[in-house]
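FYI, the numbering just counts along the sequence from 1. The model shown is predicted, which means the values in this text are computed figures rather than measured ones.
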Amino acid sequence: MPPGDAARADNAALRAVFEHAGVGMAVVAPDGRFLQVNAKLCEIVGYSPAELRHKTFHDLTHPDDLAADLALTRRLLAGELPGFTLERRYVRKDGTVVGVELTVALVRDASGAPLYSVSAINDITARRRAEAKAEAARVLLSQAFERVTDAFVALDRDWRYTYVNARAGEIFGRKPEDLIGKHIWTEFPEGVGQPFHRAYERALAEQKPVRFEDYYPPYDRWFENIVYPSPDGLSIYFHDITERKRAEQALRDSERRLRSLFDQAADGIFVLTPDHRYLDANTAGLQMLGYSREELLQLRLPDVLAEHERSRLSAEVPTMMAGRPHLAEWEHRRKDGSTFPAEVSARPLSNGSYLAIVRDLSARRQAEQALHESEARYRRAVDAAYDGIWEWDPNTGEDYLSPRWKKLLGFEDHELPNREESFFELIHPDDRPLAADAIRRHLEQRVPYELELRMRHKSGEYRWILTRGQAEWDAQGKPLRMAGSITDITERKRAEAERLAALARFETLFRHAPEAMSISELDIGRFIQVNDAFCTMVGYRREELIGRTSLDLGMWTDPAGRQRLLDDLRGGRTVVATQGRVRTRSGERRDTQFSAARIDFGGADCLLLMFVDVTDRLRAQRQVEAHERQLADLARRLMTKEEEERKALAQTLHDRFAQNLAAAKLGVEGVLLQGDAARMADGQRSALRRVVDSLDEALTEVRGLLTDLRPPLLAEFGLRAALRQEIESRRALHPRVEIELLAPPSAAAWPPQRLAPSAEFGLFYIAREALANALLHAQAHRITVELYIDEVRTRVVVRDDGVGFCAGCEPPHGHLGLTGMRERAALIGATLDIDAAIGHGTTVTATCPAAAALPATAEAQ
């Protein structure tokens with residue numbers, strides 16, 4: 001399309017949009033004249049297009065809005081504004097007023113001079129009517145909200161107040177009208193990030209009501225909030241619940257105090273429903289039955305009773321629930337299945353449940369059993385099994401001492417009055433200030449009250465008593481009453497005295513023990529006690545060691561070794577006969593063998609070390625090892641010498657003796673073949689024949705000896721051929737034993753390398769000795785000789801299925817034995833492994849490295 005046609009098409013499209021727009025459109029000259037208008041604008045103001053072209057926007061604008069329009073138009077023409085949007089009133093041709101929303105944009109030429117402005121005019125009369133109706137509804141709603149007792153506010157989506165009722169203004173301390181239009185988090189910045197803030201945002205985001213209670217620190221008040229979201233904002237009701245919360249807190253404080261007394265009771269206390277389900281239990285009760293709180297709350301009373309007791313429930317409990325107290329003994333069953341007798345006191349509670357106080361009677365039953373053995377032992381058992389109970393009112397001085405309390409001190413109930421003087425008068429005079437101060441600190445500072453003191457028995461003797469107690473305070477911290485118990489701990493004190501005496505005896509034995517011993521604190525290593533032998537070993541006096549650590553003194557040659565030792569002990573591992581070194585005061589390092597134990601010494605976690613100085617023993621051992629190495633070296637030299645002599649002897653036998661014997665045989669045979677033999681007497685010929693036979697036997701023996709000294713095949717053709725010949729000869733001598741030479745594919749073809757003669761000879765004789773041992777001693781039915789050869793090593797393995805032997809013992813064997821085989825292996829640089837077990841045969845493996853190989857020989861297998 002030609003450019004002119006395209007421009008005309010675009011102008012036509014724009015004109016169509018302008019004419020048919022759903023809002024009034026106008027092109028206005030800089031002086032206010034209408035240059036062009038559309039049909040919608042004519043409909044809004046009631047003028048025709050021709051009439052509007054003779055008017056300006058000043059003629060249409062309501063007189064009260066004209067000044068503001070002119071001011072904005074001047075700023076627009078001056079370039080201060082790119083455009084503007086505002087609501088204005090226009091006066092129609094018929095004189096009626098119409099509300100419009102006016103949007104104006106300025107168009108300039110290339111030089112920046114104003115050409116015209118484009119205005120969009122939207123009739124908002126209907127919207128104004130709707131807003132008026134909404135305002136009237138809001139007023140009615142506001143009046144309704146003002147009558148409610150709860151505080152109420154409304155927020156728009158921009159978090160600005162759109163409504164605040166009088167009650168909310170009272171809580172905020174602000175006038176409601178002063179908050180309208182204000183941003184909530186600007187007015188109340190301390191609320192940002194608080195639970196209120198997060199709840200409001202969640203309700204607005206999820207469009208779901210939110211109800212919650214929370215404390216608002218700036219007002220020191222609790223509020224219950226109900227937040228209703230809508231697409232336009234939030235409606236929030238909040239109610240001051242501070243007084244209710246304070247009452248609840250007071251109730252919780254009271255329950256906490258009661259719970260403290262509940263949990264500190266020595267007897268088991270349980271709360272159960274009428275159908276015997278557990279609702280609560282104190283610490284003593286849980287320990288008594290062996291269950292956790294969560295486990296017990298899943299159980300019913302029959303679950304913790306012995307099976308034969310369950311039938312009693314239907315008869316006993318209804319009577320108790322009717323209001324009659326219940327006191328009886330019941331056999332209970334613990335979590336682990338064990339049973340115990342218990343005294344149960346139960347009574348109903350006002351909420352329909354019932355309370356049961358359970359006292360474990362196991363100790364009393366044991367005491368009753370002991371009555372048959374000794375009346376005195378029975379009395380001690382009863383005294384140890386029960387505590388005496390007391391209760392005291394510090395405000396009135398009123399005191400209660402249970403009959404058992406008095407019995408512990410030898411009094412009958414009527415012999416000792418229930419007053420606080422009865423308690424203090426029986427305390428040893430030296431312990432009275434201590435007791436008074438402990439009670440004072442408990443009442444004033446709430447320091448736990450637990451005290452050991454001496455009290456006078458009716459007999460006049462003083463017995464050791466452990467007294468415990470717990471006070472109850474009111475909301476102002478004033479003590480209301482104090483309750484507790486006493487326990488006779490005289491026997492325990494005597495046991496402690498005996499323990500101290502035993503400790504003194506231990507220290508005497510410890511100090512004079514022949515082994516060096518030390519006791520130090522486990523964590524920091526500070527010496528608590530050392531004996532004389534330890535001081536002698538390390539060269540320090542006792543007073544130089546006590547209070548110092550072994551690390552400070554540098555006694556550990558390996559400081560990290562002590563930490564490893566501690567880790568072993570803490571991990572439950574034993575430390576016995578461990579090698580270590582100790583540095584003495586002079587700097588000498590002594591070899592020791594020590595054992596360690598973790599002990600309780602005087603109530604402290606300590607380390608007991610026991611040393612044996614093995615320096616001299618190790619020095620002697622090292623000397624013995626040096627002698628053994630010398631003997632081994634001597635044995636190797638002897639075997640080398642033996643080999644050299646064997647070679648020389650073989651050479652001599654071959655070069656001299658065997659050749660001489662062969663020459664002699666040939667000479668005698670020559671005589672017999674000559675004609676003179678015919679003239680010899682029969683006796684002479686027979687003698688010469690016997691000489692030839694003897695020479696044959698001698699040559700055969702010499703050749704056999706030469707074979708034993710150095711097999712010809714070994715020298716000429718190597719190890720594999722020599723082993724094959726050895727096996728063939730053994731088969732002939734032992735036909736009932738299966739003997740086989742095995743060679744895997746890697747050794748089937750003769751390798752391009754030969755071992756050094758000494759290496760081949762050594763491996764051959766090790767194999768021959770192992771084979772001989774298997775045939776002579778193992779009672780084997782099958783023997784295999786395996787030969788493995790590769791570029792890394794040559795290995796010979798001799799296996800038998802014989803009786804075997806103890807691997808740690810030396811079995812009977814031939815002229816070399818295991819020691820000889822090991823020495824021969826060491827001589828050629830080979831390794832020797834022997835795997836044997838009684839009843840499972842024996843395997844002998846000799847391995848020689850490739851370093852013993854020689855260049856390839858010309859001989860072939």
Side-chain angles (χ1 to χ4, degrees), residues 141-155 159 161-176 178-179 184-185 187-230 233-263 269 271 273 279-282 293 297 348-355 446 471-481:
L141 187 61
S142 175
Q143 293 172 352
F145 283 137
E146 291 298 331
R147 288 194 293 270
V148 300
T149 57
D150 288 344
F152 172 79
V153 299
L155 302 171
W159 301 101
Y161 287 103
T162 59
Y163 183 79
V164 179
N165 74 351
R167 178 58 181 152
E170 291 176 9
I171 292 175
F172 294 156
R174 307 276 289 275
K175 293 181 179 180
D178 292 342
L179 291 173
I184 180 174
W185 306 125
E187 296 301 308
F188 301 99
E190 65 275 7
V192 175
Q194 297 299 318
F196 296 93
H197 183 190
R198 294 192 295 271
Y200 295 169
E201 287 191 334
R202 185 172 75 253
L204 190 61
E206 297 177 359
Q207 288 295 297
K208 293 180 181 178
V210 176
R211 184 171 189 154
F212 67 97
E213 296 178 0
D214 205 359
Y215 175 71
Y216 193 59
Y219 292 164
D220 189 24
R221 311 293 289 176
W222 279 87
F223 293 100
E224 179 184 42
N225 291 257
I226 306 175
V227 185
Y228 295 100
S230 73
L234 298 176
S235 298
I236 305 169
Y237 294 85
F238 50 98
H239 178 64
D240 189 338
I241 59 171
T242 304
E243 295 307 318
R244 191 192 81 192
K245 283 292 185 178
R246 287 174 178 168
E248 291 174 353
Q249 183 61 42
L251 179 61
R252 284 194 295 271
D253 291 341
S254 176
E255 290 176 346
R256 190 179 300 111
R257 289 193 294 271
L258 291 174
R259 186 76 200 190
S260 177
L261 294 174
F262 178 77
D263 281 334
I269 304 177
V271 180
T273 64
L279 296 175
D280 202 356
N282 70 345
R293 187 179 304 277
L297 296 187
L349 299 175
S350 59
N351 62 359
S353 58
Y354 67 92
L355 178 74
R446 306 198 182 191
E472 180 183 352
W473 294 268
D474 62 16
Q476 289 72 40
K478 180 181 178 181
L480 298 176
R481 60 180 49 82

Between R244 and E213, is a side-chain contact (heavy atoms from CB on, under 4.5 Å) present by the stated rule, with each step listed?
CA-CA 12 Å; R244 191 192 81 192; E213 296 178 0; 2.5 Å; yes

Do you know the tightest heavy-atom contact between [X] and [Y]?
X: G191; Y: H197; result: O-CB, 3.3 Å
X: P229; Y: A203; result: CB-O, 3.3 Å
X: L204; Y: G233; result: CD1-O, 3.9 Å
X: P176; Y: G169; result: CG-CA, 4.4 Å
X: P348; Y: Y354; result: CA-CB, 3.8 Å

Apply side-chain contact (heavy atoms from CB on, under 4.5 Å) to N225 and D214, showing your working.
CA-CA 8 Å; N225 291 257; D214 205 359; 5.6 Å; no

With side chains defined as the heavy atoms from C-beta onward, is the minimum distance between Y200 and V210 less than 4.5 Å?
no

Report the relative orientation of the aromatic rings in [X] and [Y]; use parallel for angles under 30°, tilted for 30 to 60°, perpendicular for over 60°.
X: Y237; Y: F152; result: tilted
X: Y215; Y: W222; result: tilted
X: F196; Y: Y216; result: perpendicular

Derivation and outcome, salt bridge (charged side-chain N to carboxylate O under 4.0 Å, His left out), residues E201 and R198:
CA-CA 5 Å; E201 287 191 334; R198 294 192 295 271; over 6 Å; no

Separation of [Y] [atom2] from [X] [atom1] (nearest 0.5 Å):
X: I241; Y: E224; atom1: CD1; atom2: CD; result: 5.5 Å
X: D220; Y: T242; atom1: CG; atom2: OG1; result: 7.5 Å
X: I236; Y: I226; atom1: CD1; atom2: CD1; result: 11.5 Å
X: L279; Y: L355; atom1: CG; atom2: CG; result: 11.0 Å
X: L155; Y: L234; atom1: CG; atom2: CG; result: 5.5 Å
X: R202; Y: Q207; atom1: CZ; atom2: CD; result: 13.0 Å

Report yes or no: do R252 and Q249 form a side-chain donor-acceptor pair below 3.5 Å?
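A donor-acceptor contact under 3.5 Å links the two side chains.
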
Does R293 reach the main-chain N or O of A281 with its side chain, forming a donor-acceptor pair under 3.5 Å?
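Present.
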
Aromatic contact between F238 and F172, with the criterion being ring centroids under 6.0 Å apart: yes or no?
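So the answer is yes for these two rings.
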
Greater than 12 external heavy atoms within 6.0 Å of F212's CZ
yes

